[in-house]
There are 2 protein chains.
Amino acid sequence: MDGRIKFRHLQTFIEVARQKSVGRAAEALALTQPAVTRTIRELEDYLGVDLFEKEGRGIRISRFGEVFLRHAGESIGAVKRGVDSIAQARNSMGPPLRIGALPTASATFLPDVMVDFLKAGTGSLVTIVTGENRWLLDALRLGDLDLVVGRLAAPERMTGLQFEPLYSEEIGFAVRAGHPLLSRRNFSLSELAHYIVLMPTQGSVIRPFVDRFLLTNGIADLSNTIETVSDSFGRAFVERHDAVWIISRGVVFPEIQSGRIALLDIDSSETRGAVGLTMRADAAPTLSLSIMVNTIREHLKVAGRVL
Amino acid sequence: MDGRIKFRHLQTFIEVARQKSVGRAAEALALTQPAVTRTIRELEDYLGVDLFEKEGRGIRISRFGEVFLRHAGESIGAVKRGVDSIAQARNSMGPPLRIGALPTASATFLPDVMVDFLKAGTGSLVTIVTGENRWLLDALRLGDLDLVVGRLAAPERMTGLQFEPLYSEEIGFAVRAGHPLLSRRNFSLSELAHYIVLMPTQGSVIRPFVDRFLLTNGIADLSNTIETVSDSFGRAFVERHDAVWIISRGVVFPEIQSGRIALLDIDSSETRGAVGLTMRADAAPTLSLSIMVNTIREHLKVAGRVL
DNA sequence: GTATTACATACCAGAACGGATATGAATTTT
DNA sequence: AAAATTCATATCCGTTCTGGTATGTAATAC
């Protein structure tokens, strides 16, 4: 790569591409028009191609510009994220432990595990974040998280990561206690269409399992669906309406115990999948991370959980 | 982001992190040791944190450094890729059309389509590249490819992309003509374990389908497996040995026609999936891209293919 | 204690950087 | 045809950059 390329060149290039005008870009960047022109000229010189073409009395991005634009955006985006990550890391002083939790974990064993872990007295600060699977795994890969607890993601999303299974669970069809479908003996899956159905969002780990299950059972499209990852929303909604909530069984485990929510009697063995710990494959684990991992293992050995 | 950060800072930082030594990094970068030290100091200053800590008479990367390292690598990697892309784009003059082809497409209709397309006389240069699904889709998203032809990828890999289905196909279990399993009437899937099995690699689109199918049918692990994406290898291997090749039916379609390869009689309807065109969702398609897409559509309408 | 190793700091000088202003050239508008 | 718009080019100038050399300091080795 040509060492003369500076971030300034990328910034300017991106701005011109966005504004489709040298003049406006100059204004946006608080520079004069010739300064912008020259910066673009330099970048074109370094790259050996024209990034823009003249069109009338304006400009238009060239095919080279088009391809370079995406990479340029990637590049400055990466640094921005890097700076942000550091800012975040600085706020949480100490040797911090950052855990990404998928819903099935955060609703079940994770709270108990945390108690045990804090008792172990490592003195480390622990952060627990929730979010979409894709985002969590990216953060893990980039070192912004140390551990992700939840369902095993699709294999192609796991490069550079390692997975340690803890137990396996199925997806369940959760409804409020006293729901009409509960009293029916042999109901058909197609009857789901009569109710509002809460689905996991597209980005979630379990969504492909759900899609596949529905397809396999000939359910083409459910019209009344709400996509949500918020389990607090799901819980509240299902308890108040006759909706059906398609969700990891672990998420509603406490409510099933207490009898407020029940599962429809559906054979969902096809949706069984492993729940466990996802970590970076490369780096050696921190001390506190090892302790956390051990605590989780121990806890589940005692609880002996199967869903 | 602090505008004072230069690529030079990132380069130097990465080198020091890699070498775990200021002196060695200086040598690798053809600089003096103080120059490297100062560059690191500057970067630390801009970021507001220490990237390295003293350890004995050497240094060790700090937790902040660890985090920033990955992002820094991302950033310069992006620019490098951008420059490479341009270099590639320059070699193929004209308004080029870059197509990523998954095996099932490149073995079947794509060659014929290309003939039709060139006859249309757009004069555009066409490049066809093959590779792992993940890589192809990333390249598509970044604008290094215009079109990917093949199986629909998992939904979470499709952000920013749109898919147009052409036909659907199943995965097949291909063996040489005269293979022992062909004469058996009702054989069990578990007998596969007696033969060498060629599997698609982890990164491929169809691997999840295969895994799921095997799991569903209680095949835990096949011991004698070879993972390959090379269909030339697969073809050669299967014709010479009693191996079983798990592959998209389209890939072996010509050989089945000619009778050199046959499919085992296994109900693999569960593995049915859509084959089609994947394009960027945003940008308006080029003229030559539209023509190509139309050519493919027309061709398949005539061929009326179902596998 | 002395030597050695490895990084840190201070200071210097030429190169380049990065902005400005003034002006030119091509197109479109009036 | 003249005016207006938009980008390109030329030249200038203070500042920052980025390398160097010389030297300091802390930890380890002998």
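Please read all numbers here as calculations on a predicted model, not as lab measurements. Numbers restart at 1 for each chain; the letters A, B, ... are given by sequence-line order, proteins then strands.
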Nearest-nucleotide 5' precedence on DNA chain C, B/Ala35 against A/Thr32: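 It is B/Ala35, whose closest nucleotide lies nearer the 5' terminus.
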Find the distance [X]:[atom1] to [N]:[atom2] and express it as a whole number of Å.
{"X": "B/Glu42", "N": "C/dT9", "atom1": "CD", "atom2": "P", "answer": "13 Å"}
{"X": "A/Asp45", "N": "D/dT9", "atom1": "CG", "atom2": "C1'", "answer": "15 Å"}
{"X": "A/His9", "N": "C/dG19", "atom1": "NE2", "atom2": "C1'", "answer": "13 Å"}
{"X": "B/Glu27", "N": "D/dG19", "atom1": "CD", "atom2": "P", "answer": "16 Å"}
{"X": "B/Glu44", "N": "C/dC7", "atom1": "CD", "atom2": "P", "answer": "13 Å"}
{"X": "A/Gln33", "N": "D/dT9", "atom1": "CD", "atom2": "P", "answer": "11 Å"}
{"X": "B/Arg60", "N": "C/dC7", "atom1": "CZ", "atom2": "P", "answer": "14 Å"}
{"X": "B/Leu43", "N": "D/dT18", "atom1": "CG", "atom2": "P", "answer": "12 Å"}

Verdict with reasoning, B/Phe7 to B/Phe13, per ring pair (Phe, Tyr, Trp, His ring centres under 6.0 Å): CA-CA 10 Å; B/Phe7 282 115; B/Phe13 166 60; over 10 Å; no
Side chain of A/Pro34 (C-beta onward), nearest among D/dT18, D/dA10, D/dT21: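 Out of D/dT18, D/dA10, D/dT21, the nucleotide with an atom closest to A/Pro34's side chain is D/dA10.
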Nearest-nucleotide pick for A/Tyr46, side chain only, options being C/dG18, D/dT18, C/dC17: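 The closest nucleotide is C/dC17.
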Whether B/Ser75 side chain and B/His71 backbone form a donor-acceptor pair below 3.5 Å: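 Checking the backbone N and O of B/His71 against the side chain of B/Ser75, no donor-acceptor pair under 3.5 Å is found.
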Which atom of B/Ile76 lies closest to which atom of B/Gln11, heavy atoms considered: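 Minimum heavy-atom contact is CD1-OE1, 3.9 Å.
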Closest approach of A/Leu102 to A/Gly150 (non-hydrogen atoms, all atoms of both residues):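 Reported closest heavy-atom pair: CD1-CA, 3.8 Å.
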Looking at [X], I'd like to know whether one of its side-chain N or O atoms comes within less than 4.0 Å of OP1 or OP2 on [N].
{"X": "A/Thr37", "N": "D/dC7", "value": "no"}
{"X": "B/Arg38", "N": "C/dT9", "value": "no"}
{"X": "A/Arg8", "N": "C/dC17", "value": "no"}

Touch class at under 4.0 angstrom, heavy-atom based, for B/Thr39 against every strand present: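 The residue B/Thr39 makes no contact with any strand.
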First of A/Lys6 and A/Arg24 reached from the 5' end of DNA chain D, by closest nucleotide: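 Result: A/Arg24.
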Sidechain N-carboxylate O distance under 4.0 Å for A/Glu42, A/Arg8: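 Yes, charged N to carboxylate O under 4.0 Å.
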